[in-house]
Protein chains: 2
Amino acid sequence: MKYIEKLRNSGLRPTKQRLQICEVLFNSEKTFHFTINELDQKIKKQASDKISLATIYNTVHAFEKKGYLKQIPINSNQTYFDTNISDHHHFYDLKEEKLIDLENADVGPINILKKINGKKIKSVEVLVKLED
Amino acid sequence: MKYIEKLRNSGLRPTKQRLQICEVLFNSEKTFHFTINELDQKIKKQASDKISLATIYNTVHAFEKKGYLKQIPINSNQTYFDTNISDHHHFYDLKEEKLIDLENADVGPINILKKINGKKIKSVEVLVKLED
DNA sequence: TCAGTAGTTTATAATGATTCTAAAAAGGTG
DNA sequence: CACCTTTTTAGAATCATTATAAACTACTGA
Ligand SMILES: [Mn+2]
Ligand SMILES: [Mn+2]
Ligand SMILES: [Zn+2]
Ligand SMILES: [Zn+2]
């Protein structure tokens, strides 16, 4: 199974529950943005077994730590994750409360001129808020 | 008093509590970033009277709505606000969990090439995560 | 193979930021 | 001062997230 490696790399044993979470996260053609709650709903529909919220949280956090998922910096009462782990940015539609991918090419190159002593840049993320 | 106008513009009457919140927020030489909890602590030290959390939340949200404060998009369990309402960006030091201002000039001009039908750009915010 | 061990799942409780409530207090107006 | 509206506040409610601990499962090595 193709997900076993992802799980092992993340320090997780390939259990039935985790493999089903992987199916929902990584089996779709397109990448997508989600909250834990939305993922839970999706799993309820697609997976054969019930999976506890605790397992979903744990698995998502392990993948995020390993870099198989990205957390999107945004102000919301829920944390947003992204299965698109490429270097990219986001529109946030304030009315619809929806995220839209902005590929790196859609944003010019970003050159951070200021340097902080002893620190290096881990990521540069742009959030573009949209209104009507 | 110089804060009365800010309060009236935000649709709020200038009460004793709100004026004290203004003192803490807008009387300092430098702008700063804060969570509601940090603001509460600061008020406890600087203000003569005790101010309830509900009042602090209400006042901060009214100022944010009016544009006298900015909310910073970041993943944290608490919401971060900024008294610097100029168009600017942020470093986020992952280890220290501290925000640092990045002036617009410190980031090259950002040109968003993708357009979304019927939507216009309200803001463009860059978050640069720092590690050691 | 299989018992032993370490890792996992789960229901449930705990936590903590934020929002809500409703009653008391203060502001504004004439 | 009366009257009415807005505000403050303590405390409760909400809700996303994390912690707990007991039952369950995967792996290992004899
Ligand atoms: Mn996390
Ligand atoms: Mn808010
Ligand atoms: Zn994305
Ligand atoms: Zn700032």
Side-chain angles (χ1 to χ4, degrees), chain A residues 1 3-25 33-44 47-66 69 71-81 97 99, chain B residues 1 3-25 33-44 47-66 69 71-81 97 99:
Chain A
M1 179 68 89
Y3 304 129
I4 293 180
E5 188 193 2
K6 263 194 166 100
L7 286 164
R8 292 232 186 268
N9 283 342
S10 307
L12 301 175
R13 286 183 181 172
T15 64
K16 191 177 51 167
Q17 290 88 343
R18 287 171 180 162
L19 288 168
Q20 291 190 93
I21 293 172
C22 283
E23 284 288 337
V24 175
L25 286 176
H33 307 117
F34 65 92
T35 63
I36 295 288
N37 194 57
E38 289 165 353
L39 181 59
D40 186 41
Q41 299 305 311
K42 222 169 181 176
I43 289 169
K44 277 195 175 62
S48 47
D49 304 276
K50 188 193 169 303
I51 300 177
S52 77
L53 256 188
T55 296
I56 297 174
Y57 271 101
N58 289 341
T59 306
V60 165
H61 282 142
F63 282 146
E64 192 257 344
K65 190 174 181 186
K66 187 62 187 178
L69 289 175
Q71 229 184 301
I72 302 174
I74 193 178
N75 281 119
S76 166
N77 56 326
Q78 286 167 268
T79 303
Y80 272 84
F81 293 92
E97 297 186 346
L99 284 161
Chain B
M1 180 69 90
Y3 304 128
I4 293 181
E5 187 193 1
K6 263 194 166 100
L7 287 164
R8 292 229 187 271
N9 282 342
S10 306
L12 301 176
R13 286 184 184 170
T15 64
K16 191 176 50 166
Q17 289 88 342
R18 286 170 180 163
L19 287 168
Q20 292 191 90
I21 293 172
C22 284
E23 283 288 336
V24 176
L25 286 176
H33 307 117
F34 65 92
T35 63
I36 294 289
N37 194 57
E38 290 165 352
L39 181 59
D40 186 39
Q41 299 305 312
K42 222 170 182 177
I43 288 168
K44 276 194 175 62
S48 46
D49 304 275
K50 186 192 171 304
I51 300 176
S52 75
L53 255 187
T55 296
I56 297 174
Y57 270 101
N58 289 341
T59 305
V60 165
H61 282 142
F63 281 146
E64 192 258 344
K65 189 173 181 186
K66 185 64 187 180
L69 290 174
Q71 230 184 301
I72 302 174
I74 193 177
N75 281 120
S76 166
N77 57 326
Q78 285 168 270
T79 304
Y80 271 85
F81 293 92
E97 298 188 344
L99 285 161

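Just so you know, these numbers come straight off a predicted model, no measurement behind them. All values below come from the heavy atoms of this structure, side chains included, with hydrogens, waters and symmetry mates left out.
If you take NZ on K16(A) and OG1 on T55(A), they are separated by 11.5 Å, rounding to the nearest 0.5 Å. Taken from CD1 in I43(A) to CG in D49(A), the straight-line distance is 11.5 Å, to the nearest 0.5 Å. Atoms CG and CG, from L69(B) and L25(B) in turn, are 5.5 Å apart once rounded to the nearest 0.5 Å.
The interatomic distance linking L19(B) (CG) with dT7(D) (P) rounds to 13 Å, in whole Å. The interatomic distance linking D40(A) (CG) with dC15(D) (P) rounds to 16 Å, in whole Å. Here the C1' atom of nucleotide dT19(C) and the CG atom of N37(B) are 16 Å apart, to the nearest Å. A straight line from CD1 of I56(B) to P of dA17(C) spans 14 Å, rounded to a whole angstrom. Q78(A) places its CD atom 15 Å from the C1' atom of dT18(D), with the value rounded to the nearest Å. Whole-Å rounding puts the I21(A) CD1 to dT8(C) P distance at 12 Å. E64(A) places its CD atom 15 Å from the C1' atom of dT18(D), with the value rounded to the nearest Å. The separation between F81(B) atom CZ and dT18(C) atom C1' is 10 Å, rounded to whole Å.
Judged by distance alone, the side chain of E23(B) and the main-chain N or O of A47(B) form no donor-acceptor pair under 3.5 Å. Under the 3.5 Å distance criterion, the side-chain polar atoms of Q71(A) are left unmatched by any main-chain donor or acceptor of E64(A).
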Restricting to nitrogen or oxygen on both sides, can you table the protein-nucleotides 8-11 of chain D pairs closer than 3.5 Å?
| from | atom 1 | to | atom 2 | distance (Å) |
| --- | --- | --- | --- | --- |
| dT8(D) | OP1 | T15(B) | OG1 | 2.2 |
| dT8(D) | OP2 | R18(B) | NE | 3.2 |
| dT8(D) | OP2 | R18(B) | NH2 | 3.1 |
| dT8(D) | O3' | Q17(B) | NE2 | 2.8 |
| dT9(D) | OP1 | Q17(B) | NE2 | 3.4 |
| dT9(D) | OP1 | K50(B) | O | 3.1 |
| dT9(D) | OP2 | S52(B) | N | 2.9 |
| dT9(D) | OP2 | S52(B) | OG | 3.4 |
| dT9(D) | OP2 | T55(B) | OG1 | 3.3 |
| dA10(D) | OP2 | K50(B) | NZ | 3.4 |

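Of all nucleotides listed (dA17(C), dC27(D), dA16(D)), dA16(D) comes nearest to the side chain of N77(A).
In this structure, T35(A) does not reach the dA16(D) phosphate: none of its side-chain N or O atoms is under 4.0 Å from OP1 or OP2. Considering only side-chain N and O atoms, Y57(B) lies nowhere under 4.0 angstrom from the phosphate OP1 or OP2 of dT19(C). Under 4.0 angstrom from either OP1 or OP2 of dT18(C) there lies no side-chain N or O belonging to H61(B). Phosphate proximity of dC27(D) to R8(A): present, with a side-chain N or O under 4.0 Å from OP1 or OP2.
Listed by chain and number, the residues in a salt bridge (charged side-chain N to carboxylate O under 4.0 Å, His left out) with K42(A) amount to none (sequence neighbours excluded).
With DNA chain C read from its 5' end, the first of the two nearest nucleotides for P14(B) and P14(A) is the one closest to P14(A).
With contacts defined as side-chain heavy-atom distances shorter than 4.5 Å, the pair I21(A)/Y3(A) does not qualify.
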